[in-house]
Amino acid sequence: MNYVRSYAFYFLYYAGAAALIPFLAIHYKSLGFSGGQIGILTAVIPLVSLFSGPLWGALADSTRRHQQALILAMMGAIGFAILLAIPHSFYILLVMLLLFAFFSAPIMPLVDNATLAALGDHKEHYGRIRLWGAVGWGIAAPVIGYLTESSDLRWAFGGYVLLMGLGVLVALKLSIRSPHIDALVSQDLHIILQDSRWRIFLIVAFVGGILLSAISSFLFIYLQDIGANKTLLGFMLTVATLSELPVLYFSSVLLKRWSMLNLMIMALFFFAIRTLAYSFISLPWMALPIQFLHGLTFSLMWVAGISYANQIAPQGMSAAAQGLFSGVMLGMGSAAGSLLGGLLFDAVGAIWMFRVMAGIAALAIGILWRTKKIYE
């Protein structure tokens, strides 16, 4: 695989995602939808990704047309992103979003698998390639934030279409092939869950997904309600991205110094601090220093979770174990966080929604701490 092209693809894809995904909730609110409806809409993408990604991967493997599948998925995502920009009723928008999620979900799994296959015995270099995605996200977010503030939200959709269109051109030159990765079938799931350590581990992953999704789905709406402009919102995404870099860079040191479970407890602790802190701000800029906790919440949870899933996976089932962890955290947990966050947003408001999330994090810490010795 040509590394320069790989760097370019990761940069463009994540820059496109930063242009659109964080601003979708604001788009939904501008259409007059309630918190509960916004929660449903934001739950669609993680829910659909649970099924769409594996389906596209299986089809690509069976036909051996991975590059064609990637191009088709990207073109479909671009097309439905354009349709999302058009004001619709809630149910029509829900259908458009389902189709957008169906096409967008398999893009990075296809490219990630191809990247790992191309790296061969040098998979440790994956982080250096993935890092360009963080750079793209960090640069695009404040630019699109400024443009949407100066004009309107059409820049978010336009930015996504432009960046993904350039990504298609790069993808045409990529050598896309996929390694063999075992599917997570029911038999695999049964074998994995026979290990009692997995049950608490997956509860923690599920809670992490809830907390992350509640923040990503409703923080911007909350900040906009107290006076934040879109330029500031974009800059907040850049701050969050910068906070990930040292955690990812020093992850090997962290894993050697502390156990994976201790790192997950630390991530939950910082999630509790982060969500609670949001509930006490009175001016939008006060959220900026809180955003520096993103690396110590999501990135720390992700690094520890990936490592722990690999450690306790049954022999020959590491791929299935990784799929289960990511599916529970970024699929089921994210969907539940969007739905629960939306219900709480409507019922008690953003401030108490964040405080409830802090309480959920504290409860998960208590469960994990009490059972830690059993699962180490």
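- Residues meeting the side-chain contact (heavy atoms from CB on, under 4.5 Å) test with M74, sequence neighbours left out: F9, L70, I107, M164, V168, A171.
- Tracing side-chain contacts under 4.5 Å through hydrophobic residues (I, L, V, M, F, W, Y), one reaches I21 starting from L211; they form part of the same cluster.
- Rounded to the nearest 0.5 Å, atoms CG (L368) and CG (L363) are 11.5 Å apart.
- Taking the six-membered ring wherever Trp is involved, the centroid distance between the rings of W132 and Y10 does not fall below 6.0 Å.
- Screening residues 255-267 for salt bridge (charged side-chain N to carboxylate O under 4.0 Å, His left out), with sequence neighbours left out, gives no hits.
- Here the side chains of F269 and I273 are in contact, with some heavy-atom distance below 4.5 Å.
- Results of the ring pair (Phe, Tyr, Trp, His ring centres under 6.0 Å) test with F325 over W198, W302, Y308, F206 single out W302 as the only residue that passes.
- Placement of L31 and I40 within a single hydrophobic cluster is found when ILVMFWY residues are connected by side-chain heavy-atom separations under 4.5 Å, directly or transitively.
- Around CH2 of W155, the count of heavy atoms belonging to other residues, nucleotides or ligands within 6.0 Å does not exceed 12.
- Not less than 6.0 angstrom separates the ring centroid of F354 from the ring centroid of F280.
- A distance of 11.0 Å separates CG in L83 from CZ in F100, rounded to the nearest 0.5 Å.
- Atom CZ of F235 has 12 or fewer heavy atoms from other residues, nucleotides or ligands within 6.0 Å.
- In this structure a side-chain-to-backbone donor-acceptor pair under 3.5 Å is present from Q37 to S34.
- You'll find the side chain of L163 stays beyond 4.5 Å of the side chain of Y13, heavy atoms only.
- For the atom pair CG of L293 and OG1 of T275, the computed distance is 10.0 Å after rounding to the nearest 0.5 Å.
- For the atom pair L232 CG and F220 CZ, the distance stands at 8.5 Å (nearest 0.5 Å).
- Looking at every heavy atom in both residues, A17 comes nearest to Y160 through N-CD1, 4.3 Å.
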### Query
How far apart are the C-alpha atoms of L98 and F102, what are their side-chain angles, what is the distance that settles it, and do they pass the side-chain contact (heavy atoms from CB on, under 4.5 Å) test?
CA-CA 6 Å; L98 282 166; F102 176 77; over 6 Å; no

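- For M75, the CE atom sits in a loose shell: 12 or fewer heavy atoms of surrounding residues, nucleotides or ligands are nearer than 6.0 Å.
- With contacts defined as side-chain heavy-atom distances shorter than 4.5 Å, the pair M108/V111 qualifies.
- Screening residues 275-304 for salt bridge (charged side-chain N to carboxylate O under 4.0 Å, His left out), with sequence neighbours left out, gives no hits.
- The shortest non-hydrogen separation linking G295 to S299 is O-CB, 3.1 Å.
- Of all heavy-atom pairs between P106 and A73, the closest is CG-CB, 4.0 Å.
- When all heavy atoms are compared, the tightest approach of L330 to P46 is O-CB, 3.2 Å.
- The minimum heavy-atom distance linking L300 with L263 is given by the pair CD2-O, 3.7 Å.
- The shortest non-hydrogen separation linking A18 to A140 is CB-CB, 4.3 Å.
- Residue pairs satisfying the salt bridge (charged side-chain N to carboxylate O under 4.0 Å, His left out) criterion with at least one member in residues 216-240, sequence neighbours excluded, are listed as follows: K29-D225.
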#### Entry: Criterion side-chain contact (heavy atoms from CB on, under 4.5 Å) on M236 and L223, from CA distance to verdict
CA-CA 11 Å; M236 287 189 181; L223 293 177; 3.3 Å; yes

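- The closest side-chain heavy-atom distance from L20 to I144 is not below 4.5 Å.
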### Intermediate values then yes/no, side-chain contact (heavy atoms from CB on, under 4.5 Å), Y28 and L97
CA-CA 11 Å; Y28 304 149; L97 193 61; 3.3 Å; yes

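- Side-chain atoms of R5 do not come within 3.5 Å of backbone N or O of V170 as any donor-acceptor pair.
- Residues in residues 139-157 take part in these salt bridge (charged side-chain N to carboxylate O under 4.0 Å, His left out) pairs, two or more places apart or across chains: D152-R154.
- The closest side-chain heavy-atom distance from L93 to F33 is below 4.5 Å.
- The closest donor-acceptor contact from the side chain of T297 to the backbone of H294 lies under 3.5 Å.
- No chain of hydrophobic side-chain contacts below 4.5 Å, direct or via other Ile, Leu, Val, Met, Phe, Trp or Tyr residues, connects L343 to I215.
- Within the structure, side chain to side chain donor-acceptor pair (under 3.5 Å) pairs that include any residue of residues 279-293 comprise R274-Q291, Y278-Q291, S279-R355 (at least two apart or interchain).
- Residues L339 and T42 have side chains not in contact (no heavy-atom distance under 4.5 Å, counting atoms from C-beta outward).
- Heavy atoms of other residues, nucleotides or ligands lying less than 6.0 angstrom from CZ of F90 number more than 12.
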#### Entry: Full working for side-chain contact (heavy atoms from CB on, under 4.5 Å) between I360 and F271
CA-CA 10 Å; I360 291 174; F271 260 125; over 6 Å; no

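- Looking at F345 and I221, their side chains come closer than 4.5 Å, going by heavy atoms from C-beta outward.
- Follow the hydrophobic side-chain contacts under 4.5 Å out from L288 and you never reach L276; the two are in separate clusters.
- Aromatic rings from F157 and F23 are positioned such that their centres are separated by 6.0 Å or more.
- Contact of the L268 side chain with the M301 side chain is registered, since non-hydrogen atoms from C-beta on lie closer than 4.5 Å.
- In this structure, the separation between CG on L169 and CG on L174 is 11.0 Å, given to the nearest 0.5 Å.
- To the nearest 0.5 Å, atom CE of residue M332 and atom CD1 of residue I210 are 9.5 Å apart.
- Checked by atom type, the side-chain pair S213/S334 shows no donor-acceptor distance below 3.5 Å.
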